[in-house]
Amino acid sequence: MRADRLVATLLFLQERGRVTVPEVAAELEVSERTARRDLEALAAAGIPVYSQRGRGGGWSLVGGARTNLTGLTADEIRALFLVTGPLSATPELRTTLRKLVRALPPTMRAQARAATRAGVVDATDWSRNAVTADAAHRSALQGAVVDGIRVRLGYAGVGKPVGERTVDPLGLVAKAGVDYLVAGTDKGLRTFRLSRVTSVEPTGEPVTRPPGFNLATTWRTLSGAFQDGMYAVTARARVHPETLALLQRVLGGRVRVGGPLPDGWTEVWVDGPAAEALAGHLAGLGARVEVLEPPEVRQWLARIAAELTGMYAGEERRLPAGSAVEAPGERRPAVGPCSG
């Protein structure tokens with residue numbers, strides 16, 4: 001749009017002090033004829049722009065006049081560039097940041113540029129898998145939310161084939177590095193994980209927005225119900241001190257640590273969505289964690305142990321002495337071939 005070009009031309013003038021028509025054309029990726037018309041339009045609009053012919057000439061602002069188009073404080077600018085800088089790999093954001101830098105007073109530019117280099121976004125997890133696979137559909141969903149357009153969403157639920165449903169996009173939420181869409185459906189408000197979205201097709205129909213809808217409030221309600229389900233079962237257990245840190249890393253905030261027990265182990269309470277799921281998490285720690293209650297979790301652990309024993313019976317004889325399957329502080333003698 002021409003208005004955008006005129007603003008960009010003015011900012012370019014402010015940054016350089018004096019520019020030539022070819023420089024403006026190259027910077028804004030327009031023809032020299034268009035660049036000249038834009039400079040003349042600025043002058044006609046009352047902007048103190050003048051041209052000087054001959055060698056060393058060009059277009060300048062009279063008396064070095066400047067226009068502050070941001071109104072941002074130094075702290076606001078720093079915060080803005082710290083947030084957006086690491087994401088500036090997209091052409092759109094690079095263009096936006098470049099325009100904003102030019103609109104800043106000279107004393108603030110260096111700090112703004114430094115802020116864009118203060119962070120890096122690594123788009124892979126520790127398994128070297130990309131965690132930005134949802135980026136292809138994020139832009140389309142953002143547009144649908146802003147424009148209020150209903151979409152046909154391709155979605156693959158956990159353990160389910162890809163299906164298609166028509167939803168009303170109402171907002172996007174980022175939680176712990178994972179993006180979610182909050183949308184209205186024929187079954188009420190739902191959340192959809194963007195990494196499971198397979199396609200986004202706008203229908204052209206307007207969304208139906210619930211009366212008084214507030215994204216933050218709705219997200220707290222929806223996520224709260226999910227989080228409550230993660231704490232449906234609590235097990236009391238004793239854990240070997242050398243394993244406590246590992247247990248906390250695996251289950252995070254679902255582990256509550258009590259005091260030391262007379263045998264040197266530590267009492268803990270561990271939360272989970274169900275007895276079977278909780279037993280599955282704890283089974284991998286073997287004898288280094290003993291569940292004391294409830295009996296349902298102990299029963300599931302016994303069942304898992306029996307299944308594993310039946311599958312791997314005899315394999316322990318092949319392990320070296322002092323292997324990881326032994327409980328900390330319990331060294332079994334090496335098992336060798338029978339004599340005699």
Side-chain angles (χ1 to χ4, degrees), residues 83-84 87 90 92-93 121 123 125 129-235 250-256 269-281 294 296-297 300:
V83 171
T84 59
L87 305 178
T90 62
E92 297 83 1
L93 192 49
V121 171
D125 61 18
N129 294 318
V131 294
T132 56
D134 54 342
H137 304 298
R138 184 186 298 110
S139 179
L141 289 172
Q142 286 174 333
V145 170
V146 173
D147 297 336
I149 301 298
R150 184 173 292 167
V151 301
R152 277 187 289 273
L153 195 71
Y155 193 76
V158 180
K160 299 179 180 178
V162 176
E164 190 175 86
R165 63 199 78 186
T166 301
V167 303
D168 291 334
L170 300 173
L172 295 173
V173 177
K175 181 177 177 62
V178 179
D179 292 333
Y180 298 88
L181 169 71
V182 176
T185 72
D186 55 1
K187 297 181 180 179
L189 295 174
R190 295 290 187 271
T191 61
F192 300 90
R193 185 165 175 160
L194 261 63
S195 60
R196 297 182 184 136
V197 173
T198 60
S199 63
V200 178
E201 182 183 352
T203 65
E205 303 171 357
V207 303
T208 300
R209 197 174 184 87
F213 174 81
N214 179 275
L215 180 59
T217 301
T218 300
W219 173 253
R220 283 195 294 269
T221 301
L222 294 173
S223 62
F226 175 80
Q227 288 175 321
D228 288 345
M230 298 297 293
Y231 294 82
V233 175
T234 300
V250 171
L251 296 179
R254 288 191 282 158
V255 177
R256 287 166 286 141
W269 288 264
V270 186
D271 299 310
E276 180 181 2
L278 187 53
H281 282 302
E296 299 83 39
V297 177
W300 272 109

Original post:
Got Val167 and Tyr155 here, is their nearest side-chain heavy-atom distance under 4.5 Å?
Top reply: no
Original post:
Going by the angle between their ring planes, with limits at 30° and 60°, are Trp219 and Tyr180 parallel, tilted or perpendicular?
Top reply: tilted
Original post:
With sequence neighbours left out, what residues match Arg193 under side chain to side chain donor-acceptor pair (under 3.5 Å)?
Top reply: Ser195
**OP:** Grab the two heavy atoms, one from Ala232 and one from Pro273, that are nearest each other, plus how far apart they are.
**Re:** CB-O, 3.4 Å
Original post:
Leu170 and side-chain contact (heavy atoms from CB on, under 4.5 Å): which partner among Leu189, Val145, Thr218?
Top reply: Leu189
**OP:** May I have all residue pairs that pass side chain to side chain donor-acceptor pair (under 3.5 Å) and include part of residues 203-216, sequence neighbours excluded?
**Re:** Arg150-Glu205, Arg150-Thr208, Asn214-Thr217
**OP:** Check whether any side-chain heavy atom of Leu153 sits under 4.5 Å from a side-chain heavy atom of Leu141, and report yes or no.
**Re:** yes
Original post:
How many angstroms lie between OG1 in Thr234 and CZ in Arg254, if you round to the nearest 0.5 Å?
Top reply: 10.5 Å
Original post:
Which residues pass the ring pair (Phe, Tyr, Trp, His ring centres under 6.0 Å) test with Trp300, sequence neighbours left out?
Top reply: none
Subject >> Close side-chain approach of Thr185 and Arg165, heavy atoms under 4.5 Å >> reply: no
Subject >> Set of residues satisfying side chain to side chain donor-acceptor pair (under 3.5 Å) with respect to Glu164, sequence neighbours excluded >> reply: none
**OP:** Grab the two heavy atoms, one from Ala183 and one from Phe192, that are nearest each other, plus how far apart they are.
**Re:** CB-CE1, 4.0 Å
**OP:** Provide the closest heavy-atom pair for Val200 versus Ala140 in the form atom of the first, atom of the second, distance.
**Re:** CG1-CB, 4.0 Å
**OP:** Starting at CG of Asp179, measure out to OG1 of Thr191 and round the result to the nearest 0.5 Å.
**Re:** 12.5 Å
Original post:
With sequence neighbours left out, what residues match Asp271 under salt bridge (charged side-chain N to carboxylate O under 4.0 Å, His left out)?
Top reply: Arg256
**OP:** Kindly indicate, with the supporting measurements, whether the criterion side-chain contact (heavy atoms from CB on, under 4.5 Å) is fulfilled by Leu181 and Val197.
**Re:** CA-CA 10 Å; Leu181 169 71; Val197 173; 5.9 Å; no
Original post:
How far does CD of Gln142 sit from CG of Leu172, to the nearest 0.5 angstrom?
Top reply: 5.5 Å
**OP:** Write down the atom of Pro169, the atom of Ala144, and the distance for their closest heavy-atom approach.
**Re:** CG-CB, 3.9 Å
Original post:
With sequence neighbours excluded, what pairs up with Arg152 under the salt bridge (charged side-chain N to carboxylate O under 4.0 Å, His left out) test?
Top reply: Glu201
Original post:
Is there a side-chain contact (heavy atoms from CB on, under 4.5 Å) between His137 and Leu194 once you walk through the steps?
Top reply: CA-CA 8 Å; His137 304 298; Leu194 261 63; 5.8 Å; no
